[in-house]
**Q** 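Structure incoming, see below.
Just so it is clear: chains get the letters A, B, ... in the order the sequence lines come, proteins before strands, and each one is counted from 1. Just so you know, these numbers come straight off a predicted model, no measurement behind them. Any value given below was found using the heavy atoms of this structure, including those in side chains, with hydrogens, waters and symmetry copies removed.
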Amino acid sequence: MRYSDPLNNPWYYLDNFEIVLDWVRQRYHDLLLPEEADFIRKFRQTPRPARALLVRMIMRKGDVFRADKLRYPEIGCPLAALAALADTAWVDANPALTVDELFGLLLRSELGQLLAPLLANTGVAGATKAAQRQALLALNLEPRRLLQWAESAGKQPVVDPIYRLNIRALCDRLRLMFFGNLHQDWTEFVLADLGTHTYEAVSLDASSRAFQQREQIDAYLHLHQCRQELDEATDADALNILLARIPTEPYPNDWLEERRSKLLFRLGRHAERQQQWSVAESCYQRSAYREARTRRIRVLERNQQYTAAHELAQLALTDTTNDAEQQAVLRMMPRLQRLCGYASKKTASCPGIVRIDVTLPAPAQTTRIEEEVRQHLAEDAAPAFYVENALFNSLFGLLCWDTLFASVPGAFFHPFQHGPADLLHADFRKRRQSLFAEHFDQLHTGQYQETIRCNFERKAGVLSPFVYWGALPEQLLDLALDCIPAAHLKAAFERLLNDIRGNRSGLPDLIQFWPEQRRYRLIEVKGPGDRLQDNQLRWLDHFNRHGVPVSVCYVQRPVSS
DNA sequence: TAGTCTCGTG
DNA sequence: TTCACACGTTCCC
DNA sequence: GAACGTGTGTCTCACGAGACTAGA
Ligand SMILES: [Mn+2]
Ligand SMILES: [Mn+2]
């Protein structure tokens, strides 16, 4: 039976899961191991209640479930459904349970009965559930079946049968192959059906897929695993073990290599925090991440290798492709020169940015300081908005919508993408050079206004990596298009597109319009004790050089008497 | 028993 | 389960 | 001033059920 309306289909989640299975089988047949292909084949032959219950378990948190929490009207009796899986290894009945699993499955009152003597011996009989869990974890007990947990406490188990799902890893791999990442999950389908998320429709050909080789999938999973362990790693040994597990050689695939480099960078940050200078340095040295060289210079300095630090800093200054690096290294240079015994050259640093000073009384309730200043500056004839990065990014995203969602090979491979997969790659612009040129040309012809307004109407609510729909009322759009000259937009868009990751943030907090004079200004708000960040300074500098009116508003509080 | 939190749901 | 921003502290010139 | 670490709001939704906790 087919359900035309997905929201009235009681098996919607199963159908969605099977769409993924079909997708993977069709596009990845050459990258599947025999046992993986087997799983897909056998799954299709399994009775529907068993398939459905499996998918319910896959979508839920954790791997262990008690039968009385597996009641679904469309499935019926969970024991009957799972009986059909007896000859697979997909689910185990009555599995051994860790302390965490046991505490996740049983209520506090049930644990109190089942483990009464154990809890009493540990002295946490009346404590909170969290404290009891901690107490038992500290005993380092082996996993046990429920019956054995009860026996060890001299009690009979009081709850329903328990099952363990054994195919989590396989399902994660299938999910990764479909989405090309692990942060999207099975709920994307129903969220799209509900209209919670609307995705741009990009035509996908039957061969579009996120990965081209099985090693790429394995590498992704490996890096992901390492990153998860990094979050848990605390001691120095753990870092070294982790570092040894990261491949020495760069991956040939740019996307994976970016992930490898980023992981090495994070590892380096952890090592720095533990003052493991040589570990940190080798992390940064192996990493091509954008900030890696800056940190490497700093680590060399912190480890008193001043000459090496100075040399690397000089090398970095000859490579002007990375603005943020230039800025950071220029700031370090005088100190490094002094440490090396050279005469430090004074660097001219007077950006000449318009400065506003205001004194505002401390607000009654907690209001963001940007909002206070916005209200203070706004007038009837000169409305102001708190936009931060939203305005310029959104205007850019609306103007270049068709280019961003252009069906460039490899950029789109499933229906739930917020944007092209290569958005942050170095060659993103180059691969769309002529398309972007056309859109930028509209800033000369004046056509851009219609394009932006048109996409604002047509694409309203559709997810985009640049358009913040919630922060862009039509009134703001109208004022922006009326008051900001095309040349200013071009200056901003060029910089944004030249380094999307580095330049999509750091834009000033406020924008104020004088529609009668078709004039505007940008304002970065700074409270007491706050200072301009690097990316904010770089935008200010860029705006200054292109004649974009921008100022910094420093807020002071009146001295209390 | 009321408030808070986590999880499951479509 | 990140990212961008603000905020607070420490250290050094 | 420079550098570092931390806190905060935002994160892909709205809503309800159930579990836990603290305090009456
Ligand atoms: Mn801001
Ligand atoms: Mn600000």
Side-chain angles (χ1 to χ4, degrees), chain A residues 5-13 15-16 56-62 65 68-74 103-112 126-133 181-199 224 227-228 231 262 266 269-270 272-273 275 294-295 297-299 301-302 327-328 330-336 338-339 344 347 349 366 368-370 386 388-390 393 416-418 424 461-465 468-471 501-509 524-536 555:
Chain A
D5 176 6
L7 295 178
N8 280 330
N9 173 2
W11 309 95
Y12 74 93
Y13 55 93
D15 290 355
N16 293 337
R56 287 286 192 186
M57 294 164 88
I58 289 163
M59 294 179 69
R60 280 172 56 172
K61 190 185 175 182
F65 306 90
D68 57 328
K69 300 285 183 190
L70 289 174
R71 292 215 199 97
Y72 296 95
E74 77 280 8
F103 273 67
L105 286 170
L106 300 197
L107 301 186
R108 199 188 103 100
S109 57
E110 294 167 336
L111 287 165
T128 65
K129 196 179 182 187
Q132 293 175 336
R133 180 198 300 243
N181 63 63
L182 286 172
H183 61 257
Q184 288 181 287
D185 62 27
W186 313 101
T187 62
E188 294 288 339
F189 286 86
V190 73
L191 289 176
D193 286 341
L194 285 166
T196 306
H197 290 162
T198 318
Y199 297 92
H224 185 259
R227 219 194 108 178
Q228 295 215 308
D231 292 337
K262 190 165 186 179
R266 299 176 94 106
R269 298 305 301 241
H270 277 250
E272 269 196 89
R273 226 160 275 163
Q275 312 205 345
T294 308
R295 291 313 312 167
I297 296 168
R298 180 73 182 122
V299 164
E301 181 197 343
R302 291 226 254 179
Q327 184 183 28
L330 280 173
R331 189 167 50 220
M332 287 190 284
M333 213 39 165
R335 192 178 63 237
L336 290 174
R338 184 174 43 76
L339 289 167
S344 70
T347 46
S349 66
T366 55
R368 297 206 59 154
I369 196 159
E370 294 88 349
Y386 178 24
E388 233 161 36
N389 305 313
N393 278 296
F416 308 106
Q417 288 183 234
H418 302 199
L424 301 178
V462 180
L463 285 170
S464 149
Y468 299 51
W469 291 105
R501 168 175 271 156
N503 296 334
R504 68 182 162 185
S505 61
L507 286 142
D509 294 315
E524 170 56 39
V525 176
K526 286 296 160 198
D530 187 16
R531 277 177 313 181
L532 290 167
Q533 297 172 31
D534 282 1
N535 56 354
Q536 295 173 335
V555 179

**Q** Is there a donor-acceptor contact under 3.5 Å from the side chain of A:Asn389 to the main chain of A:Gly506?
**A**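 Such a contact is found between A:Asn389 side chain and A:Gly506 backbone.
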**Q** Considering only the P atoms, how many Å lie between D:dG5 and C:dC12, rounded to the nearest integer?
**A**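 My reading of the P atoms in D:dG5 and C:dC12 gives 15 Å.
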**Q** What distance, rounded to whole Å, do you find between the two P atoms, one in D:dA24 and one in D:dC20?
**A**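 My reading of the P atoms in D:dA24 and D:dC20 gives 22 Å.
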**Q** Would you indicate what A:Tyr13 reaches in the nucleic acid, counting non-hydrogen atoms under 4.0 angstrom: base, sugar-phosphate, or nothing?
**A**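 A:Tyr13: no heavy atom of the nucleic acid under 4.0 Å.
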**Q** Where the side chain of A:Glu272 is defined as all heavy atoms beyond and including C-beta, which of D:dC20, C:dT1, D:dC4 is the nearest nucleotide?
**A**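 In terms of side-chain proximity for A:Glu272, the closest of D:dC20, C:dT1, D:dC4 is D:dC4.
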**Q** Regarding A:Glu524, tell me which of base, sugar-phosphate or nothing describes its non-hydrogen contacts under 4.0 Å with the strands shown.
**A**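 The residue A:Glu524 makes sugar-phosphate contact but no base contact.
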**Q** For nucleotides C:dT2 and D:dT6, find the distance between their P atoms and express it as a whole number of Å.
**A**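 Comparing P positions in C:dT2 and D:dT6 gives a spacing of 15 Å.
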**Q** With a 4.0 Å cut-off on heavy atoms, is A:Met332 in touch with a base, just the backbone sugar-phosphate, or nothing at all?
**A**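 The residue A:Met332 makes sugar-phosphate contact but no base contact.
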**Q** State which residue, out of A:Gln533, A:Glu370, A:Gln536, fulfils the side-chain contact (heavy atoms from CB on, under 4.5 Å) condition with A:Glu524.
**A**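 Among A:Gln533, A:Glu370, A:Gln536, the one meeting side-chain contact (heavy atoms from CB on, under 4.5 Å) with A:Glu524 is A:Gln536.
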**Q** Which nucleotide in the list C:dT2, D:dA19, C:dC13 gets nearest to the side chain of A:Arg338?
**A**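 Out of C:dT2, D:dA19, C:dC13, the nucleotide with an atom closest to A:Arg338's side chain is C:dC13.
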**Q** Could you please name the option among C:dC5, C:dC7, D:dG5 that lies closest to any side-chain atom of A:Asp530?
**A**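 So the side chain of A:Asp530 is nearest to C:dC7.
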**Q** Between C:dC7 and D:dT10, how far is it from one P atom to the other, in whole Å?
**A**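 Pairwise P distance, C:dC7 against D:dT10, rounds to 15 Å.
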**Q** Quick check on DNA chain C: between A:Gly506 and A:Leu339, whose nearest nucleotide comes earlier from the 5' end?
**A**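 The residue whose closest nucleotide sits nearer the 5' end is A:Gly506.
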**Q** Hey, does A:Gln132 reach any base, or is it just sugar-phosphate, or nothing, if we go heavy atoms under 4.0 Å?
**A**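 Contact class for A:Gln132: none.
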**Q** Of the options C:dC3, D:dT21, C:dA6, whose atoms approach the side-chain atoms of A:Arg266 most closely?
**A**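 Nucleotide nearest to A:Arg266's side chain: C:dC3.
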**Q** Please pick, from D:dA3, B:dG10, D:dG5, the nucleotide with the shortest atom-to-atom distance to any side-chain atom of A:Leu191.
**A**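 Given the options D:dA3, B:dG10, D:dG5, the side chain of A:Leu191 is closest to B:dG10.
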**Q** Between C:dT2, B:dT9, D:dA22, which nucleotide has the shortest distance from any of its atoms to the side chain of A:Thr128?
**A**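 It is D:dA22.
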**Q** Give A:Tyr72 one of three labels, base, sugar-phosphate or nothing, depending on what nucleic acid heavy atoms sit under 4.0 Å from its own.
**A**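 Here A:Tyr72 touches the backbone only, sparing every base.
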**Q** Looking just at side-chain N and O atoms, do A:Glu388 and A:Tyr468 make a donor-acceptor pair shorter than 3.5 Å?
**A**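 Checked: A:Glu388/A:Tyr468 side chains show no N/O donor-acceptor pair below 3.5 Å.
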**Q** Over all strands shown, is A:Glu388 touching base, sugar-phosphate only, or nothing at heavy-atom distances under 4.0 angstrom?
**A**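 The answer is sugar-phosphate, as A:Glu388 gets under 4.0 Å only of primed atoms, P, OP1 or OP2.
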**Q** To the side chain of A:Arg108, which of C:dC5, C:dA6, D:dT21 is closest?
**A**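 Minimum distance to the A:Arg108 side chain belongs to D:dT21.
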**Q** Once you apply a heavy-atom cut-off of 4.0 Å, does A:Gln536 come out as touching a base, just sugar-phosphate, or nothing?
**A**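 A:Gln536: backbone/sugar contact only, no base atoms under 4.0 Å.
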**Q** Just how far, in rounded Å, is P of C:dA6 from OH of A:Tyr386?
**A**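 Between P of C:dA6 and OH of A:Tyr386: 7 Å.
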**Q** Is the shortest side-chain N/O distance from A:Ser505 to OP1 or OP2 of C:dC5 below 4.0 Å?
**A**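 The answer is yes; a side-chain N or O of A:Ser505 sits under 4.0 Å from OP1 or OP2.
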**Q** Could you check, using the six-membered ring where one of them is a Trp, whether A:Phe189 and A:Tyr13 have ring centers closer than 6.0 angstrom?
**A**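 Centroid distance A:Phe189-A:Tyr13: not below 6.0 Å, so no.
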**Q** The side chain of A:Asn389 is closest to which nucleotide in this list: C:dA4, D:dA19, B:dT9?
**A**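 Per side-chain heavy atoms of A:Asn389, the pick is C:dA4.
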**Q** Check the pair A:Arg302 / A:Glu272 against salt bridge (Lys or Arg N to Asp or Glu O under 4.0 Å), numbers first and verdict last.
**A** CA-CA 9 Å; A:Arg302 291 226 254 179; A:Glu272 269 196 89; 3.0 Å; yes
**Q** Which one is paired to D:dT10, where only Watson-Crick or G-U wobble pairs with both distances under 3.5 angstrom count?
**A**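 Base partner found: none.
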**Q** Is A:Arg56 touching bases, backbone alone, or none of the nucleic acid, heavy atoms closer than 4.0 Å?
**A**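 Sugar-phosphate contact only - A:Arg56 comes under 4.0 Å of backbone atoms but never of a base.
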**Q** Among the candidates D:dC20, D:dC4, D:dA2, find the nucleotide nearest to the side-chain atoms of A:Arg331.
**A**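 Nearest to the side chain of A:Arg331 among the choices is D:dA2.
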**Q** What's the gap between D:dG9 and C:dT1 when it is taken at their C1' atoms, as a whole Å value?
**A**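 Looking at atom C1' only, D:dG9 and C:dT1 are 14 Å apart.
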**Q** Given B:dC7, B:dG10, D:dG5, which nucleotide is nearest the side-chain atoms of A:Lys61?
**A**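 Nearest to the side-chain atoms of A:Lys61, counting from C-beta on, is B:dC7.
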**Q** What interatomic distance, in whole Å, is found between P of D:dG16 and the corresponding atom of D:dT12?
**A**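 About 23 Å, rounded to a whole number of Å.
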**Q** side-chain contact (heavy atoms from CB on, under 4.5 Å) between A:Arg368 and A:Val525: does it pass, once the steps are laid out?
**A** CA-CA 10 Å; A:Arg368 297 206 59 154; A:Val525 176; over 6 Å; no
